[in-house]
Trainee: 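Right, I'll just put the structure down here and ask away after.
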Number of protein chains: 4
Amino acid sequence: MLMTIDGSSSEPLYVQIRDQIVAGIATGALEPGQSLPSVRALASDLGINLHTVNKAYAVLRDEGYVAMRGRAGAVIADPSTAASPGTEAAQAKMGDELFRLALAFRARGGTCAAFLEAAAAQADRAYGAAAAGIADGAGAAAEAPHPAAFAGGAPACIDSASDSPERKAQR
Amino acid sequence: MLMTIDGSSSEPLYVQIRDQIVAGIATGALEPGQSLPSVRALASDLGINLHTVNKAYAVLRDEGYVAMRGRAGAVIADPSTAASPGTEAAQAKMGDELFRLALAFRARGGTCAAFLEAAAAQADRAYGAAAAGIADGAGAAAEAPHPAAFAGGAPACIDSASDSPERKAQR
Amino acid sequence: MLMTIDGSSSEPLYVQIRDQIVAGIATGALEPGQSLPSVRALASDLGINLHTVNKAYAVLRDEGYVAMRGRAGAVIADPSTAASPGTEAAQAKMGDELFRLALAFRARGGTCAAFLEAAAAQADRAYGAAAAGIADGAGAAAEAPHPAAFAGGAPACIDSASDSPERKAQR
Amino acid sequence: MLMTIDGSSSEPLYVQIRDQIVAGIATGALEPGQSLPSVRALASDLGINLHTVNKAYAVLRDEGYVAMRGRAGAVIADPSTAASPGTEAAQAKMGDELFRLALAFRARGGTCAAFLEAAAAQADRAYGAAAAGIADGAGAAAEAPHPAAFAGGAPACIDSASDSPERKAQR
DNA sequence: GTGGTCTAGACCACT
DNA sequence: GTGGTCTAGACCACA
């Protein structure tokens, strides 16, 4: 599990760490039960302060991604087990973020199908990704494997788009 | 175009303004060529500082949503002609945000189909929405109209999903 | 809203602050919308580091008791509004704590009625308390107003007690 | 008396042991006079360090739950004869914990009756429980048997509840 | 050895 | 002016 830090990013360091660990969990690079490096070790590896790593771990613990066992470091939590409280809150938050993105997409003149295409492309990127190295997202290229197949088969928002005739953009 | 400010939100005020204007553009409440209220007027309407509105407008300009015309105030940009420099950067950023969301979704144990279902639900919400009042996203309920239709017709991540077990076997 | 800190307590300082603010909210000494002192001001008043107060505020924010508005300090959240996510999680946690206390009470030889009496006494203390000074709990005297009335009218656990005949303690 | 340890819990190991022994005493699985396993035996059974079990026993002794008899190991104390010094301190502590819970409950907007209902539900859980396996409280569902009967018959906080509106008027 | 807590001083974004 | 973040160094509880 290789991790890198971009000190010049506007993203807080502890968020960068959090995101990479979440990505690691998602791609299977980090499996439930596996131990994370100690705060001191990771801090020294990354060349940052241990409190920063500590905060990242605390956030991950609060979000239910890892369990802290004081004694023996932090371990990846099993998502199936315990279904940490706050899960549905987190899901609602993700829904709202998707909504915001969809609005921004539409405001840019993108069609609904194009948005779903983009979502499918990113989903493929996230779900197809093996445990290979995943950068922290700065300028990633987004190679969509086969988005067209998706856009063609999804009638979901053709309806919604057609039922808002007062919308005059897209021209 | 009614706008409201939630002073107790953790979202910066200028971001709240930006989001609502973007939502207005998306829903058609604000059309290309239309003038935004002057910085002074909006600031006084909302009871906030000039600088805050100014910053919101600057962000919208940088993102290519509006064009600033010195004396004449700000007007909504036409997305089709908007070859503004920030556009592709903004699009890449949206792709990355979708990617991050997909990763977080997967890390929580969600399937690819479920993610696309959620994306479709939010897309319906964003694209189906007329120019009615759209709150700034505080805990909206979403109510996906017909997500199942989407999940059924999307071959995009059936593949990714099906190669998930064999990924598990790789280790 | 007077606050005191006991540096010799085993309770972390930030928890002491949190508890007193929660107590203030409960008793009405702090009302929804009211501003809390700034981290710097409170820290200097209490003679502790601002980071400690900051942590207390962060915990209160995470628990949904207060809203942080970066710009203008922290304000008491309205419990009726928004019903912050994680509420049911917090309630489950409180239920488990009550369960643990009930078990400890029973292990000490206390009857079920006595436990409910104690709970009623403390409930009266918490709910009857006006906005008067409430110490941070070190050796409080627990003046139960009228616990007997309660114990007499509650048939709830007479049954439960009698239906566990294998229990041989209480003698 | 089966005991289990959750190494990934945030609860210290010695507290987990203490809680399970207290639960055992409460449910009758451990009776006054009965011997606890030796420190060595329990430590080896649980696969943890001697010191950890030792600390758990020391805490139980300090709280008056068990009596240490040098060579003969630890035996469950008889609650009726237990005039141990720590007893009243422990009882005061339990009262304070109830008070803190009641305050937190009220601060979240819960009524006094609801708090007593929750307490009654947990009391039923604790007092109704036979010597069956009692997990260490991770997300147990509770299922209050008949809380309504309790809330209806308790005049204790009807008073407090009814003076709540007039308290609001005082300001 | 682990993470948790407290202190201290600095810079930054937002208003 | 506010809180948020990062750094730095120290002590403590737990194992």
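So you know, we letter chains A, B, ... as the sequences are listed, proteins then strands, and number each from 1.
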Trainee: If you assign each of C/A58 and A/N49 to its closest nucleotide in DNA chain F, which residue comes earlier from the 5' end?
Mentor: C/A58
Trainee: So, under a plain 3.5 Å distance rule, would you say the side chain of A/R40 forms a donor-acceptor pair with the base of E/dG3?
Mentor: yes
Trainee: Closer to the 5' end of DNA chain E via nearest nucleotide, is it B/Y14 or C/V15?
Mentor: C/V15
Trainee: Kindly indicate whether the side chain of A/H51 and the base of F/dG9 share any N or O donor-acceptor pair separated by less than 3.5 Å?
Mentor: yes
Trainee: Would you indicate what B/L13 reaches in the nucleic acid, counting non-hydrogen atoms under 4.0 angstrom: base, sugar-phosphate, or nothing?
Mentor: sugar-phosphate
Trainee: Working to the nearest 0.5 Å, report the span between CG of C/L46 and OG1 of C/T4.
Mentor: 8.5 Å
Trainee: What is the distance from CG of A/L36 to C1' of E/dG3, rounded to the nearest Å?
Mentor: 13 Å
Trainee: For E/dT5, does either OP1 or OP2 sit under 4.0 Å from a side-chain N or O belonging to C/T52?
Mentor: no
Trainee: Could you tell me whether C/R18 sits above the aromatic face of C/Y57, with NZ or CZ closer than 6.0 angstrom to the six-membered ring centre and within 45 degrees of the axis?
Mentor: no
Trainee: Applying a 4.0 Å non-hydrogen cut-off, can you work out what B/I48 is touching in the nucleic acid: base, sugar-phosphate, or nothing?
Mentor: nothing
Trainee: Under 4.0 Å between a side-chain N or O of C/K55 and OP1 or OP2 of E/dT5?
Mentor: yes
Trainee: Can you tell me how far CG of C/N49 sits from OG of C/S44, rounded to the nearest 0.5 angstrom?
Mentor: 11.5 Å
